[in-house]
Structure formats: C-alpha cells, structure tokens
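Residue numbering restarts at 1 for every chain, and letters A, B, ... go by the order of the sequence lines.
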Protein chains: 2
Amino acid sequence: MPEPTKRATLRDVAAGAGVSVAQASFALNGTGRVAPATAERVRRVAAELDYQPDGRARALRTGRRSAYGVVIRNMRNPFFLDVLRGMETVAHRKGALLLIMSSDYDQEREGAALRRLAAEAVAGIAIAPIGRRGRLLEWMDRHTHIPVVAFNCTPEPDREGAASRLSTVGPDDDAAVSLAVAHLAERGHREAALLTAPEALAADWGREESFLRRCAEHGMAGDVVRGPLDHEAVARRSSEMMARPGHRALVVNSDHLSAAVYDAARSRGLRVGRDVSVVGHDDLPTSALLDPGLTTIAVEREALGEQIMDLLVEGPGTAVRLPVRLVERGSVALLA
Amino acid sequence: MPEPTKRATLRDVAAGAGVSVAQASFALNGTGRVAPATAERVRRVAAELDYQPDGRARALRTGRRSAYGVVIRNMRNPFFLDVLRGMETVAHRKGALLLIMSSDYDQEREGAALRRLAAEAVAGIAIAPIGRRGRLLEWMDRHTHIPVVAFNCTPEPDREGAASRLSTVGPDDDAAVSLAVAHLAERGHREAALLTAPEALAADWGREESFLRRCAEHGMAGDVVRGPLDHEAVARRSSEMMARPGHRALVVNSDHLSAAVYDAARSRGLRVGRDVSVVGHDDLPTSALLDPGLTTIAVEREALGEQIMDLLVEGPGTAVRLPVRLVERGSVALLA
DNA sequence: ATCGTGTGATTAAACGATTAATCAGCACTG
DNA sequence: CAGTGCTGATTAATCGTTTAATCACACGAT
C-alpha cells in the first residue's frame, strides 16, 4: 500500500532520537555543543530516515543559497553547452545548483529572468547579456547584494557604482578580431566585413570597434553589417553582399552561423575559400567538417565556463579576457 | 553611496501601504477580501519598491514549487541541448525554472543528484537514467510525492508500485532499430553489430533486444558490442571489429560517437560507405557534414523536450514513444 | 433594542530549518 | 556553602510567505 510518504523533517529525526530539534540540528551540522553519544544517535536516525535538510528552509533562515542562475541568449548554439559543462563542473564541486534560463534575444524576457532569479534568491547570476549594459546596471543598482558576471560581451570601461561590481569574462575580442583581420590581410585581402547582430541586441560592440581599427591598421576597407542572427536572415544578408562585384571576406561572429554563409555561397555558385572568404568564431565541432573547413577563432569553452563560476564566487569587478587562437582551415582564399 | 540594498519584503510593502502583511498578501494575490482602494494602494507601493515575493518562503509555506530538476548523463552530447530547449520553452510558458545536473555516467553522482533535487523540493524530475531502473524505483519508493519522468531509456514493463508512477519517454527504440536493420538488410548486409554502453550503464536494453530480434527476422547475424562511450574507447573498439575479415556494419547508439568510428576506419585505410557501413542515431548537425554523410535515425529533439515537461506536469505512469525516421546519406555500403 | 450579515481589516499559526539566549546539573574552588 | 565554570541540553525567535481564525463595525431587518 503506497501511502504518500512525506519527506522526513528535522523534527522527525529529533523525535526519533529523543532530543530537541536544536540538538538535532547541531549534531548534524557539528556546530553546537552536543555529546558524542547523542550526535551518533542523531546521525543514525537521520540516515535511517533518509533525512535531507530542506534547501528552501535552510536558505530562508541562513540567507545563504547555493544555487546560481544562468541566463543565456538562446539554446541553439552548441557553444553554450560546453560553457555550461564547465560551469557544471565547478558547481558540482561546490555542491551548487544551476538554474538555467534563456532570454531568447528578448529584452523583456531578459528582465523577467533576472527578476525571477532574484526572487529565487540565487547566490549569483551569470548572464550573456543582450544589447547595451544600461538596464543590467540599473537592475544591479536595485539588487546590490547579488553578484553578477556577464560573459561573452564587451566589458564596460571603468566606472562608478554598479558597473564596478560587474565582472566580465569572455574570449579576448580584440585579440580575436586582430587574428582574423591579420590573417585576411596576410592572404592578400583588401577589404572585409563583420557580420553581427543589430545594434540593439549586440553585446560585443568592442569587437566592432576593434575590427574597424584593425582593418584601418592593415590598410583594409572595413565594413560592419548588422541584422538578425537566424539562419535565413544571415544567408540572405551574406548573399546580398556576395552579389556585389569583387572578392568578399566575411568575419562571422559565430561558427554556428557560418553554415548560413556557406549556403549562400553555394546557392550563388561560389566556392568558399576561393571566391569568398569566411572567418568564423568559436571553433565548433561542425566547423572542421564543413567543406572547405572553416578557418576560425578558437577559445576554450569549458575553461570559460569554469572561469565564469570562479568569478561568481570570488570577486566582483574583474574583467577577464580568455586567450584565443586562430585555427586555419580552408575557408580563406589566397588572393594575388 | 551604494549602501547594500536588501530586497524589499512583503513587510516593507505592507508598512508602506499602512496595512497588515496579510492584507498586503491578499491584495497582491487577489485571494482574500480587500477593498479596491487598498488593493490599488498596495500594488502601487509594491511596484514602487520593486517587490518580488521570495520564492523560497512562498514555496516553503505553500508546499508548491515551480522548479523542475533535470538530470542528464553528460554535457558533451549536443543532443541534449535541443532537448533542453524544448523543456525550456514549456518551462518558460508555465513560469517554471529548470535545475540542471549531470550524472556523468556515475551511479553515485546520479543518486546524489536525486537527493539534492529532493532537498530542493522540486516539483518534478526529468532524468536520463543510467543502468537498470532498480535504484531509481527504490528512490521513488521513498519519495512518493515527487513525479519523475525518465527519458531516453527503455520503459519498464507494466509493474506495481513505484514503476507504475514512472513515466517514460524517448525515441521509439524498436522502430529505430528496425529501420536501421531493415536498411542494412535491404542493402545486402548479412551481419551487423550494435555498439552500445557497458551492461551496467546501459539504460536502453530494449534497443538491444529489438536489434537481435530484427536481425534474426532478416536472417542476419546480430552482435552486441559493449564498452565505454568516450571517443578513444569507441574508436578502439570499432577498429578491432574492422580488423576481422569481411564487411562490417556498425549501428551506433549516438551520432555523437560515430565520428570515432569514422576515425577508426580512416586510420585503417577503409572507406565508410564502401568498406564499412555505419548507421547512427539522433541526426545531429555534424552528421550531415561527415564524409560520407552519416545515415542515421532522426528524432525530433525539441519535441522530446516538450513532451518530457508535459509528462512531468500532467500524469504519471505513461510510456510515450516518439516517432523516428531514417535519414539516408552515404555511410551504408550497397553490397552485392 | 437585538440579531444577523457583510465587509474590510488584523492576529497568529504554520512551513522547516538555524541559532542566540537560557537553563539544569555537576564538579571544583576559595 | 556560595560562587564559578563547564557540559549538554532546551526554548524561542527568526527568515518571508500564506491562510485559517477572529475581530470591529456599519447596515438592515426583525
């Protein structure tokens, strides 16, 4: 007869051991003064009853919480799974939990996610923000007690107030863009375009600035092309660019999108690595398999995840840039 | 001056509106009897203070919780990200949260994850279990109040007790294996091997049974090969199999592993789709890009995720099998 | 004048933990 | 024997909600 078993509570344990709840609590946490015999007895009863302290109650009372919130932009890009794995490794080590939400590139949803996580009183929030940092900082002003780490976005320049509490971590954007542009220049390119998100959603404006600056340094014509990041939109946009005369070199913000660029080239009868050049970012598993292989900027995703967690528990206001490297495959043409 | 702002509590709201906490609670939840004017006033103050009810406290009092636990086997397989997306869609719709953990193919960790989630008093648990269902059922016996759905595993045959409360959902294993074997038979194969996890970890023994049965039905020699599922181990194992004389046909449990099989073939100077045949499972993005393209069994991963959530909130004890289809590419040879 | 009856509000008891404040013995000291 | 200190235990407050149980009061009907 499966009568609905309620979870064992501390009171049950205490009763079973013939002792007060306080003493039971002390015994299990090893915090108060409790006779060895009693402690042992309490532990035995607890084990017997399969007692697990109620996380909610404990968190409510102590104020400490061992859950962290993660807000990502969307759940399509496999990039994130690796980052998540890194985070999970650290979280598991500290016995913490991960609450995962997606903002889905929607400011409204991002705000709702933050509110929700605050309501759950998480110990910290890791977020891949969308758009400018204004709203996030404003939110942080209202929740000064909860640490926030922004990842995969351009760090705010040194500032007062909330901004000083916001840690930032991600691939070294400037290095990444430099590698890409230098590689293109080396192979004879005279112009390049950076394919990125629309102004309102872009969180990595630093990349754009670096891109234009590096292009200028190499005497190349640089162009920033904005638009939605779904497959069709990217394909359409890059197709339009390929329509223009001359050789095109596209630097794409994520490998995840370069499939769309390849598609566009194919449907125009152009060959990537000869008629068009593409440089990606992230070095996803698919990138090596494309034909030709995608030349891309690699970053240690799992390490990124671990770094995020470390920053979350450690100290506020740091900006960590992870090293990147160029993985050369066949998607960049060698021009005369 | 950034004095540490504590979150606004219901008491603050009540005080601000000059009313008791009870009345404030009633007003915000629209539950008790409260004068329209008062309600309005409370709401205004709440908005002004950016009040968010504390999830922990509320959950503690009401017993209801709006967080669900997810335990996956590991965080390497991109299969999971899509499932997670499906789950997140539903969760977001119901305003629920997702707590994600990985068992990492470790029974101990799986148990710990379950305990931890129970301690957080989640509203339900979705788990991709490892190994036989015994421990899980035993655990469910001790936690009869929390619904569990197991995914990507063979359903238990009709049973009494906990088993009757355990919902199961996943790709239709029998159909999947049937498609694979039939396809191989069609293309002239006389024997095939199923590459799968070691006995102790395999959660989908139904697949193996189906495999052997279907092979027999087609007059083929069927073989089940077990071992660890990391890249090297799979490569080694398949390499050994390829050493044997005759044509080998490998049915792999996950596309994620077939890269290893391709590697093994390459290092033996064999060509997949001619000297060896491979059928995968899941139809991951990488599968279409392999050379030759991987013939595989496809399932709607996002739909799977949604289905999981639906089962979690809905009813216990159902076994849902999702439709699968064969995606034919070039990895199966056409034999004489 | 009395008795409901409704309305709008308050009080107080949970929920399951942690923890500060006490307390009852008991032994030891001056 | 009063005073002190130590040990092992208990009591009760608290965290932020929800909600059952009351309460005060005005209004209409008997």
**Request:** Please work out which of the three classes, parallel, tilted or perpendicular, describes the rings of A:H143 and A:H145, given edges at 30° and 60°.
**Result:** tilted
**Message:** Among residues at least two apart in sequence or on other chains, which ones pass ring-ring contact (aromatic ring centres under 6.0 Å, His included) with A:W205?
**Reply:** none
**Fill in**
Residues passing the salt bridge (Lys or Arg N to Asp or Glu O under 4.0 Å) test with A:D50, sequence neighbours excluded, are B:R142
**Asked** Tell me: CZ of A:R65 to P of D:dC15, nearest whole Å?
**Response** 18 Å
**Message:** Using whole Å, what does the distance between atom P of nucleotide D:dG16 and atom CG of B:D12 come to?
**Reply:** 9 Å
**Contacts of B:D310 that satisfy salt bridge (Lys or Arg N to Asp or Glu O under 4.0 Å) - sequence neighbours left out** = none
**Prompt:** Between A:E110 and A:R135, is the closest basic N to carboxylate O distance under 4.0 Å?
**Reply:** no
**For atom CG of B:L60 and atom P of D:dT14, their distance in whole Å** = 17 Å
**Asked** Between A:T38 and D:dA9, does any side-chain N or O lie under 4.0 Å from OP1 or OP2?
**Response** yes
**Item:** A:A119 backbone acceptor or donor facing B:R56 side chain under 3.5 Å
**Value:** no
**Prompt:** Hey, mind stepping through A:S167 and A:V320 against side chain to side chain contact (heavy atoms under 4.5 Å, CB included) and telling me if it holds?
**Reply:** CA-CA 8 Å; A:S167 294; A:V320 178; over 6 Å; no
**Prompt:** Could you run down nucleotides 17-25 of chain C 5' to 3' and tag each one B, S or - for protein heavy-atom contact under 4.0 Å?
**Reply:** BBB------
**Message:** How bent is the helix from C:dA1-D:dT30 to C:dG30-D:dC1, measuring the angle between the end axes built from five pairs each, rounded to 10°?
**Reply:** 80°
**Fill in**
Sorted by number, residues from residues 116-125 of chain B placing a heavy atom under 4.0 Å from DNA chain D are none
**Asked** Which pair of non-hydrogen atoms, one from A:A39 and one from A:A27, has the smallest distance, and what is that distance?
**Response** CA-CB, 4.0 Å
**Item:** Nearest-0.5 Å distance that lies between atom CG in B:L84 and atom CG in B:L98
**Value:** 6.0 Å
**Message:** I'd like to know if A:E120 pairs up with A:R115 as an ion pair, taking the criterion as any Lys NZ or Arg NE/NH1/NH2 lying under 4.0 Å from an Asp or Glu carboxylate oxygen.
**Reply:** no
